[in-house]
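Inspection log for the structure reproduced underneath, given as structure tokens.
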Number of protein chains: 2
Amino acid sequence: MANLKYSKQRETIKEYLRSTTEHPTADMVYDKVRETFPNISLGTVYRNLNLLVNEGEAIRISCGDSSERFDGNTSNHYHFMCTKCHRVSDLFNIESLDHINALAANNFNGVIEGHVAYFYGICEECKGK
Amino acid sequence: MANLKYSKQRETIKEYLRSTTEHPTADMVYDKVRETFPNISLGTVYRNLNLLVNEGEAIRISCGDSSERFDGNTSNHYHFMCTKCHRVSDLFNIESLDHINALAANNFNGVIEGHVAYFYGICEECKGK
DNA sequence: TTAATAACAGTAATCATTGCTAATATTGTG
DNA sequence: CACAATATTAGCAATGATTACTGTTATTAA
């Protein structure tokens, strides 16, 4: 698709995203990757995150928070955000909600191509507190 | 709930939100309300939009765009965003999608309180082009 | 080996949003 | 009505997330 050249920095970012389920922000990725590349710049992190999303190697998650989050798991799944601790977790229990596209298409004169959805509530860890 | 005092500025913002279906950003509200109050400041617009959302007089819509949008229609409904023109429109045809909360709650150990969802695709106006 | 060019670190700039402050408007009470 | 308490305002500075720029370095293909 594009003329991408290999870079150690991008590879490290991709590996980190694949290894974690914490759905990090760009800043969290920056902090983590600096353990390997102490001089990496935040701009490089942002540029590579965008490249990875464009290449389909990562997903951008917008949960209304001030900053975006990224997910190295590109399989189709939904997310849950805890309103107490603001952590984002994966919901692998739902197969697909694509049937709601048909509901939305009813009496609608445009073309529904898809949807964005996430759930919120209290996560298991925060429930007891 | 709060100790709110009346203000012409807030009333004008509220009226505008109620009168339109264009789901304006803070900047669009600013441009509109400046027709009535040429000296109103953008900070006043932001503060009043936040107040109106807190009072339940408006809804904040986050569609992954760079800026938030606001809706004076507080009845329960979903939104559609055109990927071509980026306009947001209302979907009054769907009653409710609350059944997806139960789907998400399956085999999930936290508490699902609700969901955020919007649809995307091509709007009627952009379809022909 | 070299030439072309993508990627880099460092830094400045942008954009949306919030915070601050002194002046003004609203509201309840005497 | 007058007045005191205080919410609201305009104007502007500050913040935070993200992107743009620039001169140098790394990757790649011939």
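Below, read A as the first sequence line, B as the second, and so on, with proteins coming before strands; counting in each chain starts at 1.
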Can you tell me which nucleotide in [options] comes closest to the side chain of [X]?
| X | options | value |
| --- | --- | --- |
| B:Asn48 | D:dT28, D:dT9, D:dA10 | D:dT9 |
| B:Ser7 | D:dT9, D:dT18, C:dA9 | D:dT9 |
| B:Ser66 | D:dT6, C:dA16, C:dT17 | C:dA16 |
| B:Ser67 | D:dT8, C:dT17, C:dC8 | C:dT17 |
| A:Lys5 | C:dA4, C:dT26, C:dA9 | C:dA4 |

Practice problem: State plainly whether the residues B:Glu125 and B:Lys84 are in salt-bridge range, i.e. N to O under 4.0 Å. | Solution: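 So B:Glu125 does not pair with B:Lys84 through a salt bridge.
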Practice problem: Hey, which sits more toward the 5' end of DNA chain D by its nearest nucleotide, B:Lys8 or B:Gly43? | Solution: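 Nearest nucleotide further toward 5': that of B:Lys8.
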Quiz item: Pick the nucleotide of DNA chain D nearest each of B:Gln9 and A:Arg60; which residue has the one closer to the 5' end?
Solution: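 Checking each residue's closest nucleotide, the 5'-ward one belongs to B:Gln9.
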Quiz item: What about A:Phe108 and B:Phe80, are their ring centers closer than 6.0 Å?
Solution: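 Yes, the ring centres sit under 6.0 Å apart.
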Quiz item: Are A:His115 and B:His79 near enough that their ring centres are under 6.0 Å apart?
Solution: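 Ring-ring flag for A:His115/B:His79: false, centres at least 6.0 Å apart.
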Quiz item: Looking at B:Arg10, does any N or O in its side chain come under 4.0 Å of the phosphate oxygens OP1/OP2 on D:dT8?
Solution: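 Looking at the OP1 and OP2 atoms of D:dT8, one of them is under 4.0 Å from a side-chain N or O of B:Arg10.
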Practice problem: Ignoring backbone atoms, test whether A:Thr44 places a side-chain nitrogen or oxygen under 4.0 Å from the OP1 or OP2 oxygen of C:dA9. | Solution: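 True: A:Thr44 side-chain N/O within range (under 4.0 Å) of C:dA9 OP1/OP2.
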Quiz item: Just checking A:Asn50: base, sugar-phosphate only, or nothing, at a heavy-atom cut-off of under 4.0 Å?
Solution: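 If one applies the 4.0 Å heavy-atom cut-off, A:Asn50 turns out to touch the sugar-phosphate alone, with no base involved.
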Practice problem: Under 4.0 Å between any heavy atoms, over every strand shown, what does A:Ile40 touch: base, sugar-phosphate, or nothing? Just pick one. | Solution: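 Here A:Ile40 touches the backbone only, sparing every base.
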Exercise. Return yes if some donor-acceptor pair links the side-chain N/O of B:Asn73 with the main-chain N/O of B:Ser75 below 3.5 Å, else return no.
Key: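 Confirmed, B:Asn73 side chain pairs with B:Ser75 backbone.
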